[in-house]
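Working notes, structure below.
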Protein chains: 2
Amino acid sequence: MKAKSVTSHDVAKLAGVSRSTVSLVLNGSDAVSLSEETKERVREAARVLGYRPNSAALMLRKGRTDTVGLVITETRSIRVDAYIPMLHYAIADVLKEAGYSLLLETFERKKGVNPYTDLVVSHRIDGLMVLSPHVEDKDLHALLDSGFPVVQIGSIGHPDELSVTTCTRDSTMEAVRHILQLGHRAIGSVPFSPAGFSATDSRLEELRQELSKNGITLDDDCIEFGDFSAESGYNATLHLMRRQPQLTAIFAGNDTVALGVIGALNSLGLSVPGDVSVVGYDDLPFSGFISPPLTTVKMNADQQGRLAADLMVKRLKGQSIPEKRLVLPSEVVLRASTGRVRN
Amino acid sequence: MKAKSVTSHDVAKLAGVSRSTVSLVLNGSDAVSLSEETKERVREAARVLGYRPNSAALMLRKGRTDTVGLVITETRSIRVDAYIPMLHYAIADVLKEAGYSLLLETFERKKGVNPYTDLVVSHRIDGLMVLSPHVEDKDLHALLDSGFPVVQIGSIGHPDELSVTTCTRDSTMEAVRHILQLGHRAIGSVPFSPAGFSATDSRLEELRQELSKNGITLDDDCIEFGDFSAESGYNATLHLMRRQPQLTAIFAGNDTVALGVIGALNSLGLSVPGDVSVVGYDDLPFSGFISPPLTTVKMNADQQGRLAADLMVKRLKGQSIPEKRLVLPSEVVLRASTGRVRN
DNA sequence: AAACTACACTAACACGTGTTAGTAAGGCTT
DNA sequence: AAGCCTTACTAACACGTGTTAGTGTAGTTT
């Protein structure tokens, strides 16, 4: 019933040589000389039998798995936001190209349990990629201390970390200037998550500072936190506009939330950008094609993922890494969701 | 530098017993009797050293990897549509709960290359999940013939297949009736992909049949194919409405495409649903919170993924599987993107 | 007293691979 | 003819684990 698997022993038997010879031929080793005729006979036998080395045996022998783990910490966001999957698949692409497999690890943090231990200590993976790591993640810091290959998307400030981040400061400044030039003065914000997440905190802080430079204070009453989903953006906006109906511009924490922000504004009878302008972050694939097309701060998830995966490949292959912390620029994409303030 | 890994040998030495004893204790085997005192000493030693069995050795010894592969065939769709990731993460959740890891495999089909061979023949995985399989996929049929554990999301009609599909026929009927009751007669469609993909073909065929039952023919001129993204929906709609400006209702192939459809209609100065009604498929998390909230055929990706993963777990654990082909019902969700036809 | 049982543990094998040290034979040099 | 190099190959080990058959001892039965 179960097709017995083909081992190098079978190949050896068919080719009339020893198992060692099979291994040497198939791995192209030139440490020992073999006649061309024998080599060909072995290759042919392997082909006929459809031989593939058993990967577990390979891992055991070589002491590596050619597998990289991917940890996604923000489990709440996975199902409702498109950004993580974009990173994920970009990473998968690059790693596959370099000969590595990608093992997905979604974990919930439990008290007293180090979520990295299982994968790492059991030698299940050669390296770990962490998306949106928490700055105060004790276990992650410990893992970095141990020297295990880790690449993060997002920094936790560890001296040895390899990370890729996107700096939104300049773009936020540019977006704020854009909004101010359109005449807006009553400005609110709907971050994409509760406070405490690094991207949320930094975007909010940058926004606050830029507005402040221009003499506008971003009052706490003008902020209503979302929770990753468009739904949360929708509900937050309803609350926000009930409390602060004078607002004419809203900075959404990301494009998914912005979708809900626009939906809520419209449901309140407000037009975008006629009555209220909306700015997002990320520039998801759909952002240019919704109604109205969204003005947003482009993050380039694809490039971010690819560079992170490149870092991992370099690290695993022992290649030199000139820059351990890559910082990508963002870019403001002006579209139709922002407009001149109503009279 | 490199922290040498802890093996059962180390544990044995510390506990003052043989390696066999360590293995027996830690696996809770009662095939041989051991004193409680020794057991405790071994457990303590293992705890102190932080011992975890080497997974490669385990795989080799046990002949299984406790790993499931996930093949995503529609690489074009991955980055631009939210449906696949939802399936993906639901599957990952269930498998993890059952003690399996998930290995991601995104592959491009190349001539003469069997994309399943590597993972399967090298014993890298115990089972394979295939998302949106092609009906005529020769290699997949061969894999099923071989008896290797495969679960598909989407059917290819193989006699032994394990699959989960969602039947949209009833919902399409219901949605069509809904649209007709609103007075619409000039109806178009923007499928989410080119023809040839099973979901696209079946949805289109169901739509055609239902309309036909009501005396309306869905002309080819009233169909403009999308290509997975919101952008493709946007562009297709521009073409479609230029060609058929009389249309008052559009069935989008999925919600992502519907996003672009609505965007395009608005950019043409048409309101939704004032001038044109739009129906989507999937009910993505954002669909209820965009503007206008989208009327759609709900697919329940999460449940689909969970059931598929359950099938896989049952299959791998040798449990009985009463129904090899699960067919889930869909459900029409009426929202504000559909309305009475304009006068 | 011999034989058996129960207990506590270990030696040895097998999983499938890559690699190093070693063997055998033939041709060449001295 | 003895020694040496080259060519062609293989035996044997190691990776770390789970398990089966087996060993020895103490206690109990016949």
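In what follows, every chain begins at residue 1, and chains take the letters A, B, ... in the order their sequences are listed. Keep in mind that this is a model prediction, so the values were computed, not measured.
As rounded to whole Å, 16 Å separates atom P of D/dA8 from atom CD of A/Glu40. Remark: P of C/dA14 and CZ of B/Arg64 are 21 Å apart, rounded to the nearest angstrom. When the P atom of D/dA8 is taken as reference, atom CZ of A/Arg19 falls 22 Å away, rounded to whole Å. The interatomic distance linking A/His123 (NE2) with D/dT17 (C1') rounds to 14 Å, in whole Å. Atom NE2 in A/His9 sits roughly 14 Å away from atom C1' in D/dT10 (whole-Å rounding). The NZ-C1' distance, from B/Lys62 to C/dG16, rounds to 18 Å in whole Å. Note: CG (B/Asp30) to C1' (C/dC7) measures 14 Å, nearest angstrom. Rounded to whole Å, atom P of C/dG16 lies 16 Å from atom CG of A/Leu26.
For B/Ser33, the listed nucleotide lying nearest its side chain is C/dC7; candidates were C/dC7, C/dC9, C/dT19. Residue B/Leu24 has its side chain nearest to D/dT20 when only D/dT17, D/dT20, C/dG18 are considered. Side-chain proximity of B/Thr7 to the nucleotides C/dA8, D/dC13, D/dT17 is greatest for D/dT17. The side chain of B/Asn27 sits closest to D/dG18 out of D/dG16, D/dG18, C/dG18.
Within the nucleic acid shown, B/Ser8 comes within 4.0 Å of sugar-phosphate atoms alone, with no base atom in reach, counting heavy atoms only. Across all strands shown, B/Ser29 has no heavy atoms under 4.0 Å from either base or sugar-phosphate atoms.
Between the side chain of A/Ser55 and the backbone N or O of B/Ser122, at least one donor-acceptor pair lies under 3.5 Å.
Atom CD1 of residue A/Ile78 and atom CD1 of residue A/Ile72 lie 4.5 Å apart, to the nearest 0.5 angstrom.
Against DNA chain D, the stretch residues 48-61 of chain A makes heavy-atom approaches under 4.0 Å through A/Leu60, A/Arg61.
Residue order along DNA chain C, read from the 5' end via each residue's closest nucleotide, puts B/Ser18 first among B/Ser18 and A/Val32.
Using a cutoff of 4.0 Å between basic side-chain nitrogens and carboxylate oxygens, A/Arg124 and A/Asp118 are not scored as salt-bridged.
Applying the 4.0 Å criterion to OP1 and OP2 of D/dC9, one finds that A/Thr21 has every side-chain N and O outside that range. An OP1 or OP2 oxygen of C/dC9 is reached within less than 4.0 angstrom by a side-chain nitrogen or oxygen of B/Thr38. Neither OP1 nor OP2 of C/dT19 sits under 4.0 Å from any side-chain N or O of A/Ser20.
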Worked verdict on B/Ile153 versus B/Thr165 for side-chain contact (heavy atoms from CB on, under 4.5 Å): CA-CA 6 Å; B/Ile153 302 235; B/Thr165 52; over 6 Å; no

Worked check of side-chain contact (heavy atoms from CB on, under 4.5 Å) between A/Val130 and A/Val150: CA-CA 7 Å; A/Val130 184; A/Val150 175; 4.2 Å; yes

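Note on residues 8-17 of chain B: pairs passing side chain to side chain donor-acceptor pair (under 3.5 Å), not counting sequence neighbours, are B/Ser8-B/Arg19.
Within 6.0 Å of the CD atom in A/Glu37, the count of heavy atoms belonging to other residues, nucleotides or ligands does not exceed 12.
Taking the ring centroids of B/Phe228 and B/Phe197, they lie under the 6.0 Å cut-off.
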